[in-house]
Amino acid sequence: MFTRRDFLKTTAAGGAVLATSGLAAPAIAKDVAIKLGYVSPQTGPLAAFGEADKFVIDAFLATTKGMGLNYEVVVKDSQSNPNRAAEVAKELIVDNEINLMLVSSTPETTNPVSTTCEAEEMPCISTVAPWQPWFIGQQGNPGDPASWKPFNYAYHFFWGLEDIIAVFTGMWGQIETNKKVGGLFPNDGDGNAWGDKVVGFPPVLEKLGYGLTDTGRYQNLTDDFSAQINAFKQAGTDILTGVMIPPDLTTFWNQAKQQGLKPKIASIGKALLFPQTVEALGDAGHNLSTEVWWTPSHPFKSSLTGETAATVAEAFTKATGRPWTQPIGFAHALFELAVDVMKRAEDVGDGDAVAKAIGKTKLDTLVGPVAWGSDKLPPFAQKNIAKTPLVGGQWRLKSGGGYDLVVVENSLAPNVPLGGKLEALA
């Protein structure tokens with residue numbers, strides 16, 4: 001494939017430009033901004049993931065300006081659509097001539113952007129998708145592990161399915177159940193990975209003695225979950241799990257209540273990250289549980305500002321009038337990493353130099369330490385994946401209205417304080 005980088009190198013041979021950004025080489029002049037591209041779902045069914053983007057980016061630009069650094073951020077909305085995500089990624093690379101791509105939130109956004117960057121030889125840092133859907137989903141043959149190979153330009157930081165399975169089963173072990181689990185796995189990047197019989201929930205649950213009722217992959221924005229509800233009732237499931245987009249969780253849970261499904265535990269990924277999703281359920285959201293990647297009580301500070309997690313969360317609420325939300329921490333960390341990488345890159349206008357700097361990152365961020373190359377990951381993933389801490393939480397109704405997210409499981413990250421123990425659903 002003849003990439004834009006190839007074109008620029010060819011042009012450079014004629015004495016015009018040398019850098020992938022199209023700016024004069026060997027390095028970008030000090031009075032020219034380092035240009036960051038940022039893609040996330042700000043509209044559509046995944047829009048809750050992008051709720052804090054403007055707050056984070058405005059604060060980043062103010063902070064870097066105060067530090068005497070010259071940054072520009074070009075923001076694109078994936079509209080919760082993978083095709084749109086790939087399209088705007090190409091625009092950022094070709095038309096906006098960015099120096100580094102940042103992308104966040106679910107495989108439907110992170111994967112197409114990362115794939116486009118790899119093809120175009122554009123350095124990219126991605127987050128907010130479990131590493132298996134991100135890594136495996138971009139391989140030429142996801143079903144053939146022997147063919148998997150590392151990437152040269154795309155890097156990702158987040159937790160993995162092994163972590164969320166450990167967190168969820170850690171929560172479930174706090175209450176006596178019949179260990180019968182109902183799985184809700186959609187036909188998307190997350191659902192296909194979570195329900196996979198090799199890397200997902202099924203083999204681990206079987207090993208731990210849980211029985212899983214998996215009704216197959218449903219389509220996102222389904223309006224009738226009667227088939228799944230009936231299957232779970234017939235199986236006598238005490239535990240529900242899965243990875244649902246927010247609108248689907250609302251539809252499913254309301255129908256489950258109407259049709260008499262009464263599990264003891266419901267631990268649902270993705271949808272239950274957000275206070276607005278739980279609040280939309282009224283009192284029926286009480287004691288639903290989920291994964292927790294970041295809270296105000298996480299014991300980490302920003303490498304850019306020195307602010308604690310609590311300070312950043314409080315600033316978001318003060319600026320917006322809305323409750324803190326988990327993606328704040330990871331959006332902030334993306335921009336911390338961008339500054340750290342560009343500070344260390346030998347030539348910020350050269351994609352190879354920037355990618356090399358990403359791979360050598362060792363930075364304490366608002367979401368914890370980030371470093372690529374860990375030997376705690378499978379060999380094929382070590383170059384491109386950096387893991388972050390994960391705990392488990394449960395939504396509790398507050399006496400004055402609204403909900404609190406209480407950390408109830410921290411065996412993988414004991415430095416994140418517990419707020420209580422898991423309680424059964426009413």
- Message: Can you confirm whether Lys301 is buried at NZ, in the sense that more than 12 heavy atoms of other residues, nucleotides or ligands lie under 6.0 Å from that atom?
- Response: no

- Task: Please report the C-alpha distance between Gln326 and Thr295 in whole Å, then the side-chain angles of each, then the deciding distance to 0.1 Å, and finally whether the side chain to side chain contact (heavy atoms under 4.5 Å, CB included) criterion is met.
- Result: CA-CA 6 Å; Gln326 296 195 45; Thr295 71; 5.6 Å; no

- Evaluate the ring planes of Phe201 and Trp194, with Trp represented by its six-membered ring, and classify them as parallel (under 30°), tilted (30 to 60°) or perpendicular (over 60°). parallel

- When you measure from the side chain of Asp163 to the backbone N and O of Gly160, does any donor-acceptor pair fall under 3.5 Å? yes

- Message: Return the CD1 to OG1 distance between Ile239 and Thr213, rounded to the nearest 0.5 Å.
- Response: 11.0 Å

- Tell me, yes or no, whether the heavy-atom count around Glu206 atom CD, taken from other residues, nucleotides or ligands under 6.0 Å, exceeds 12. no

- Measuring from Lys90:NZ to Asp95:CG, what's the distance to the nearest 0.5 Å? 9.5 Å

- Less than 4.5 Å apart, any side-chain heavy atom of Thr361 and any of Arg344? yes

- Minimum side-chain heavy-atom gap Glu162-Trp131 below 4.5 Å: yes

- Task: Might you point out which heavy atoms bring Asn410 and Val416 nearest each other, and give the distance in Å?
- Result: ND2-O, 2.9 Å

- Task: Could you tell me which non-hydrogen atom of Gln42 sits nearest to which non-hydrogen atom of Ala47, and how far apart they are?
- Result: O-CB, 3.5 Å

- Item | Gap separating the CG atom of Asp248 from the CZ atom of Phe225, nearest 0.5 angstrom | 4.0 Å

- Which pair of non-hydrogen atoms, one from Leu422 and one from Val408, has the smallest distance, and what is that distance? N-CB, 3.7 Å

- Message: Within the 4.5 Å heavy-atom criterion, are Trp134 and Asn111 side-chain neighbours or not?
- Response: yes

- Message: Using every non-hydrogen atom in the two residues, find where Ala371 and Lys362 come nearest and quote the distance to one decimal.
- Response: CB-CG, 4.0 Å

- Message: Tell me if the CD atom of Glu314 is crowded by more than 12 foreign heavy atoms within 6.0 Å.
- Response: no

- Evaluate whether atom NZ of Lys398 has more than 12 neighbouring non-hydrogen atoms of other residues, nucleotides or ligands under 6.0 angstrom away. yes

- Closest approach of Thr317 and Arg322, non-hydrogen atoms and distance? OG1-O, 2.9 Å

- Message: Quick check: closest heavy atoms across Glu118 and Tyr153, and the distance to 0.1 Å?
- Response: OE1-N, 2.9 Å

- Query: Could you give the distance from CG (Leu377) to CH2 (Trp372), rounded to the nearest 0.5 Å?
  - Reply: 12.0 Å

- Message: Quick check: do Thr127 and Ser104 have side-chain heavy atoms less than 4.5 Å from each other?
- Response: yes

- Task: Could you tell me whether the side chains of Ser147 and Asn141 share a donor-acceptor contact shorter than 3.5 Å?
- Result: no

- Task: Determine yes or no for a side-chain-to-main-chain donor-acceptor pair under 3.5 angstrom, with Asn287 supplying the side chain and Ala424 the backbone.
- Result: yes

- So, Ser302 and Glu307: side-chain donor and acceptor under 3.5 Å apart, yes or no? no

- When you look at Ser267 and Trp172, which way does the side-chain hydrogen bond (donor to acceptor under 3.5 Å, both in side chains) test go after all the steps? CA-CA 9 Å; Ser267 302; Trp172 302 346; 3.0 Å; yes

- Aromatic ring centroids of Phe330 and Phe158 under 6.0 Å? yes

- Could you walk me through whether Val128 and Thr110 pass the side chain to side chain contact (heavy atoms under 4.5 Å, CB included) test, one step at a time? CA-CA 8 Å; Val128 186; Thr110 60; 5.8 Å; no

- Message: Can a donor-acceptor pair be found, under 3.5 Å and without considering hydrogens, that links the side chain of Lys383 to the backbone of Phe151?
- Response: yes

- Message: In the structure I gave you, are the side-chain heavy atoms of Ile125 and Met101 within less than 4.5 Å of one another anywhere?
- Response: no

- Task: Could you tell me how the ring of Trp395 sits relative to the ring of Tyr403: parallel (under 30°), tilted (30 to 60°) or perpendicular (over 60°)?
- Result: perpendicular

- Task: First locate atom CG of Leu46, then atom CD of Glu108, and finally report the distance between them rounded to the nearest 0.5 Å.
- Result: 7.0 Å

- Task: Please confirm whether Trp324 and Phe316 have ring centers closer than 6.0 angstrom.
- Result: no

- Under 4.5 Å between any side-chain heavy atoms of Phe232 and Lys180, yes or no? no

- Compute whether any side-chain donor of one residue and acceptor of the other, for Trp293 and Thr388, lie under 3.5 angstrom apart. no

- Query: Under the 3.5 angstrom rule, does the side chain of Glu336 hit a backbone N or O of Ser303 as a donor-acceptor pair?
  - Reply: yes

- Within a strict 4.5 Å, meaning less than it, do heavy atoms of the Trp253 and Leu240 side chains meet? yes

- Item | Residue pair Asn99, Val348: steps toward the side chain to side chain contact (heavy atoms under 4.5 Å, CB included) verdict | CA-CA 7 Å; Asn99 304 109; Val348 298; 5.5 Å; no

- SB check Glu87 Arg84 (cutoff 4.0 Å): yes

- So do Ile245 and Asp190 actually touch side chain to side chain, heavy atoms under 4.5 Å? no

- Query: Once you round to the nearest 0.5 Å, how far does CD1 of Ile57 lie from OG of Ser40?
  - Reply: 7.0 Å

- Verdict with reasoning, Lys197 to Asp214, per side chain to side chain contact (heavy atoms under 4.5 Å, CB included): CA-CA 11 Å; Lys197 293 182 179 180; Asp214 182 354; over 6 Å; no

- Task: Tell me, with the steps shown, if Glu97 and Lys35 meet salt bridge (Lys or Arg N to Asp or Glu O under 4.0 Å).
- Result: CA-CA 8 Å; Glu97 299 183 332; Lys35 195 177 290 187; 5.8 Å; no

